[in-house]
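Whatever order the structure lists ligands and atoms in, that order sets their numbers, starting from 1.
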Amino acid sequence: MYNVAVVGATGAVGQEFLSILEEREFPIKQLRLFASARSKGQTLTFQGAELAVEELSETADLRGIQICLASAGAGVSKQFMPIFAKAGSVVIDNTSAFRMDADVPLVVPEVNGAAAKNRPRGIIANPNCSTIQMVVALKPIHDAAKITRIIVATYQSVSGAGARAIYELESQVNSYVQGIDPPAREKFPHPIAFNCIPQIDVFLDNGFTKEEMKMVQETHKILDPAIRVTATCVRVPVFRSHAEAVYIETAKKISAAEARNVMAAAPGVQVVDNPGNKEYPLQVYAEGRDPVYVGRVREDTGNDHGLNLWVVSDNIRKGAALNAVQIAELLIAKKWL
Ligand code: 25A
Ligand code: L14
C-alpha cells in the first residue's frame, strides 16, 4: 500500500485522477490532495470519505509520500516537483515542465514502458495528450512496417485547457441559445462555440505552435527520432476527447487490413472500422473510456506506402490521468518504485 499525492486535485485532470485511482482499486494507504489557495478548505470525496484539499506551499510537509501525480500546470511543476522528489516521492508529472529533459523519461506504458525504470531526478513525465493517443495507435504499425513520415491534424477538445475552458465553451453555447452576449473570454483567443481555432498554445519562431512542436519532439523521444513528423493542432468545440487525422508513410508496404490486424492485437488500441455501417471512432463515444480508438484505416491512392487513419481517445483519461496511473501501476508491478 502506498501514500499518494495528487497535485491540482480540483482541476479537470485532478478529478479524473481520483476517479481512476478509485475505479482501478489502486493500493492506497493515504491520499493527499493539493491545489492552490483558491481551493483551500474545499473537500473532495474519495472512496466514500471526504478529504480536505491542502494548499501547496514551500513549507508543506511532504515526507512519506511515495507517489506524486501532478497536473497543476508547468509553472507549478517546475517549482514544486523537485521538492516532492527530494522528499522521497516518485513524481509522475502531467505537464510539459520536464518532458524534453534528457534525464527525465517520457513514458507511455504500451510503447516505451521500460524507460520508466531509470529516472535520475525521481521524475517521470507524462506526454502531451495528442502525442499519447497517436503513438499508442502507431506503435504496432511502426514495429511491423517502420514508419518514416507522419502528417497529423488534430481536432482537440476544450478540456485539454482545463476546467475553466470547459466552462468557457458551455457559457458561450448558453449565451448563443439565450441570445445574450457571452461572458468575457479567458482561455481561448477567439470564440470557441460553433468555431474551430487553429492555435493551441503559443506560436514559435518557425510558424508552428508549441502544441504542434510538442507532438514532433515527444514522438521522437517516445517512438523513434528517425520519423519525420509534422502537425497542425486545432481546437474544436467538443468537451472531451481528441480526434486526429493521421497520414503515415512506411518503409515496408503494409495493407489497411494488416494495419487493422496489428493494431487490434496491440495493448490499449481498439479498432472501430465498419464504414458500411457508419461505424468509426467518435469523440462523444470515447468520453469516459480507456482505449485509443482507430478507424477509417485506408491505403493512400497517391502513395502505395501511405496509410490514412482516424484516431480518437479521451484526452483526460488516456491522454492524462489514466496514462499516469498506468505508469504508477507499472512501477509497482515491476518493483521499480
Ligand atoms: O500551465 P499550463 O501547463 O499551461 O496548464 C494550464 C492548465 O491546463 C490544465 C490545468 O487546468 C492547468 O491549470 N492542465 C495541465 N496539465 C494538463 C493536462 N496534461 C491540463 N489539462 C489537460 N491535460 P485545470 O484548471 O483543469 O487544473 C488546474 C489545477 O491546478 C491547480 N493549481 C493551479 N495553480 C496552482 C494549483 N495548485 C497548486 N498551486 C498552484 N499555484 C488548480 O487548483 C487545479 O486543481 P485551483 O485551486 O487553482 O483551482 C480550483 C478551481 O478554481 C478554478 N479556477 C482556476 N483558475 C481560476 C479559477 N477560478 C477563477 N479564476 C481563476 N483564474 C478551477 O476551474 C478549479 O475548479
Ligand atoms: O502539454 O490546451 O499536456 O489542450 C495538454 C493540453 C498543453 C495544453 C500539455 C491543451 C497540455 C493542451
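- Listed by atom number, the atoms of ligand 2 under 4.0 Å from C129 heavy atoms are 5 (C), 6 (C).
- Using 4.0 Å as the threshold, D201 has no heavy atom nearer than that to any atom of ligand 2.
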Next on the checklist: Is there a salt bridge (Lys or Arg N to Asp or Glu O under 4.0 Å) between E218 and K221? Walk through the geometry before answering.
Outcome noted: CA-CA 5 Å; E218 294 181 22; K221 185 163 172 179; over 6 Å; no
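- In terms of N/O distances under 3.5 Å, ligand 2 is approached by N128.
- A heavy-atom separation below 4.0 Å is not found between K210 and ligand 2.
- Of all the listed residues (R99, Q156, E218), R99 holds the heavy atom that lies closest to atom 3 (O) of ligand 2.
- E258 has no carboxylate O lying under 4.0 Å from a charged side-chain N of K252, or vice versa, which leaves the two without a salt bridge.
- Within a 6.0 Å sphere centred on CZ of R289, heavy atoms belonging to other residues, nucleotides or ligands number 12 at most.
- Interface of R235 with ligand 2, defined as ligand atoms under 4.0 Å from a residue heavy atom, comprises 2 (O), 4 (O), 10 (C).
- Among G160, A320, A74, C233, the residue whose heavy atom sits closest to atom 6 (C) of ligand 2 is G160.
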Next on the checklist: Evaluate Q156 against S130 for side-chain hydrogen bond (donor to acceptor under 3.5 Å, both in side chains), listing each step before the verdict.
Outcome noted: CA-CA 8 Å; Q156 298 186 219; S130 304; 3.1 Å; yes
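- Taking the six-membered ring for Trp and thresholds of 30 and 60 degrees, Y176 and F194 have ring planes inclined between 30 and 60 degrees apart.
- At least one N or O atom of K214, backbone or side chain, sits closer than 3.5 Å to an N or O atom of ligand 2.
- Of the candidates R121, K78, R119, R121 is the only one forming a salt bridge (Lys or Arg N to Asp or Glu O under 4.0 Å) with D101.
- Within ligand 2, counting atoms from 1 as listed, the ones closer than 4.0 Å to a heavy atom of A161 are 2 (O), 4 (O), 10 (C).
- A salt bridge links R164 with E186: at least one charged nitrogen is closer than 4.0 Å to a carboxylate oxygen.
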